[in-house]
Number of protein chains: 2
Amino acid sequence: MMRNRKGGFGSCTDGKGPACPVEFTLDVIGGKWKGVLLYHMMDSAKRFNEFRRICPGITQRMLTLQLRELEEDGVVHREVYHQVPPKVEYSLTEFGTTLIPIIKLMRDWGLEYQAMQQTTGSQSLGVEG
Amino acid sequence: MMRNRKGGFGSCTDGKGPACPVEFTLDVIGGKWKGVLLYHMMDSAKRFNEFRRICPGITQRMLTLQLRELEEDGVVHREVYHQVPPKVEYSLTEFGTTLIPIIKLMRDWGLEYQAMQQTTGSQSLGVEG
DNA sequence: TTATGTAGTATACAAAATGATACTAAGGAG
DNA sequence: CTCCTTAGTATCATTTTGTATACTACATAA
């Protein structure tokens, strides 16, 4: 029970709906790398190894898994060019573009408070006071 | 290496800044329950067992852990009332309220496409075509 | 004395997510 | 033949997340 990916029944019912809508959204973009991948696809289609260069921290395995999940969720399109060496491009689907406002807000928030963290010394970026 | 929580160096540098801003944001709100907890704190301060009632899926341990992390990040304030039986209230800090726009967008997106999922039969909620 | 309620902590374990490393296929260059 | 490239797989190890259960402190109620 308590299935995480695509279970349907969230866990947090609260009477406001079938499951918590925020939980539903985080199911799609909440993976460790998904937001980042979507963020970089906003500009233009990206190839597998392009992501690897952009995010040196992600392993091949995780990149594959996260892209596959995004594909399953219908937010990312995978275009295979039958060439050698292989070429595969990932881009947002029409549905995927509905996530852009969220990604942009997350980018903006990150830009603002990431800077703050550097300034204050990376402790509790809080406003406190 | 590759420290996940509060390490500072993200992993995704890409030349656009110290680390990917989206990744930074997801570090704060990306935990499995964090978005949901923040979402419910938007309305009003909540007590420990209130969260447990609202999200029956979360265990005491996880609730404690996630709330502690949100507190560490300075987005949640923990107010202890010295009473018996104990009373502890969790609410957004001033800094935490800066996340509200994101949470609201995530809620709206969830509300819209959660409904779609029910209609289409929970397959690939995609628009496809 | 025992039971009740709150907000936890402690311990042990299970499952899921993530990471590290090595390996594959296929065609072209040398 | 070997090496190079891309886009992955396969296998195993580790970390994170989640579950289950028992336990605490304190005041009040019965």
Side-chain angles (χ1 to χ4, degrees), chain A residues 1-7 9-12 23 26-37 41 45-73 76-91, chain B residues 1-7 9-12 23 26-37 41 45-73 76-91:
Chain A
M1 201 167 298
M2 169 107 277
R3 28 189 175 151
N4 211 349
R5 279 203 53 70
K6 294 287 109 127
F9 54 93
S11 42
C12 171
E23 198 180 346
L26 283 173
D27 238 43
V28 177
I29 61 170
K32 175 154 187 188
W33 301 98
K34 289 182 189 173
V36 183
L37 298 178
M41 270 180 271
K46 291 275 178 298
R47 295 180 62 178
F48 192 83
N49 276 2
E50 257 181 296
F51 284 121
R52 298 228 291 150
R53 273 187 290 275
I54 294 172
C55 312
I58 193 168
T59 57
Q60 287 182 317
R61 196 179 99 94
M62 281 313 296
L63 183 52
T64 303
L65 289 175
Q66 302 270 293
L67 286 170
R68 288 288 185 285
E69 289 189 1
L70 289 170
E71 210 190 334
E72 267 180 51
D73 287 340
V76 159
H77 172 69
R78 179 168 177 268
E79 181 78 32
V80 181
Y81 297 86
H82 294 286
Q83 304 175 354
V84 168
K87 176 178 174 183
V88 178
E89 274 189 350
Y90 295 90
S91 55
Chain B
M1 203 167 297
M2 171 106 278
R3 27 186 176 156
N4 210 349
R5 280 202 52 68
K6 294 288 110 125
F9 54 90
S11 43
C12 170
E23 198 180 345
L26 283 174
D27 236 42
V28 177
I29 61 170
K32 173 151 188 192
W33 300 98
K34 288 182 189 174
V36 183
L37 297 178
M41 271 180 271
K46 292 275 180 295
R47 295 180 61 178
F48 191 82
N49 277 0
E50 257 181 297
F51 284 122
R52 296 228 291 152
R53 273 187 291 273
I54 293 171
C55 312
I58 193 169
T59 56
Q60 286 183 316
R61 193 177 100 96
M62 283 313 295
L63 183 52
T64 302
L65 289 175
Q66 301 272 293
L67 286 170
R68 289 288 184 284
E69 288 190 359
L70 288 169
E71 210 190 332
E72 266 180 51
D73 287 341
V76 160
H77 172 68
R78 181 168 175 268
E79 181 77 31
V80 182
Y81 297 86
H82 293 287
Q83 304 175 352
V84 168
K87 176 178 173 181
V88 178
E89 274 188 351
Y90 295 89
S91 55

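Predicted, not measured: the structure shown is a model, and the values here were computed from it. Just so it is clear: chains get the letters A, B, ... in the order the sequence lines come, proteins before strands, and each one is counted from 1.
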Partners meeting side-chain hydrogen bond (donor to acceptor under 3.5 Å, both in side chains) with [X] (sequence neighbours left out):
X	value
B:Q60	none
B:E50	none
B:E79	B:H77

Using a cut-off of strictly less than 4.0 Å, decide whether [X] has a side-chain nitrogen or oxygen near OP1 or OP2 of [N].
X	N	value
B:W33	D:dT16	no
A:R68	D:dT9	yes
A:R78	D:dG8	yes

Have a look at [X] and say if it touches a base, only the backbone sugar-phosphate, or nothing, with a 4.0 Å heavy-atom cut-off.
X	value
B:Y90	sugar-phosphate
A:Y81	nothing
A:Q66	sugar-phosphate

Exercise for the section: Can you tell me the distance, in whole Å, between the CZ atom of B:F51 and the C1' atom of C:dA7? Expected result: 13 Å
Practice task
Compare the minimum distances between each of D:dA7, C:dA7, C:dG19 and the side chain of A:K32, then state the nucleotide with the smallest one.
Solution key: C:dG19
Fill in the blank from the handout: Value for CG (B:N49) from CG (B:L63), rounded to nearest 0.5 Å, stands at 8.5 Å
Problem - End axis versus end axis in the helix from C:dT1-D:dA30 to C:dG30-D:dC1, the angle rounded to 10°, five pairs used at each terminus - result: 30°
Fill in the blank from the handout: Heavy-atom contacts, protein to nucleotides 20-30 of chain D, under 4.0 Å, summarised as B (base), S (sugar-phosphate only) or - (none) per nt, yield --B---BB---
Problem - Residues which pass side chain to side chain contact (heavy atoms under 4.5 Å, CB included) with B:R68, listed by chain and number, not counting sequence neighbours - result: B:T64, B:E71, B:R78, B:Y90
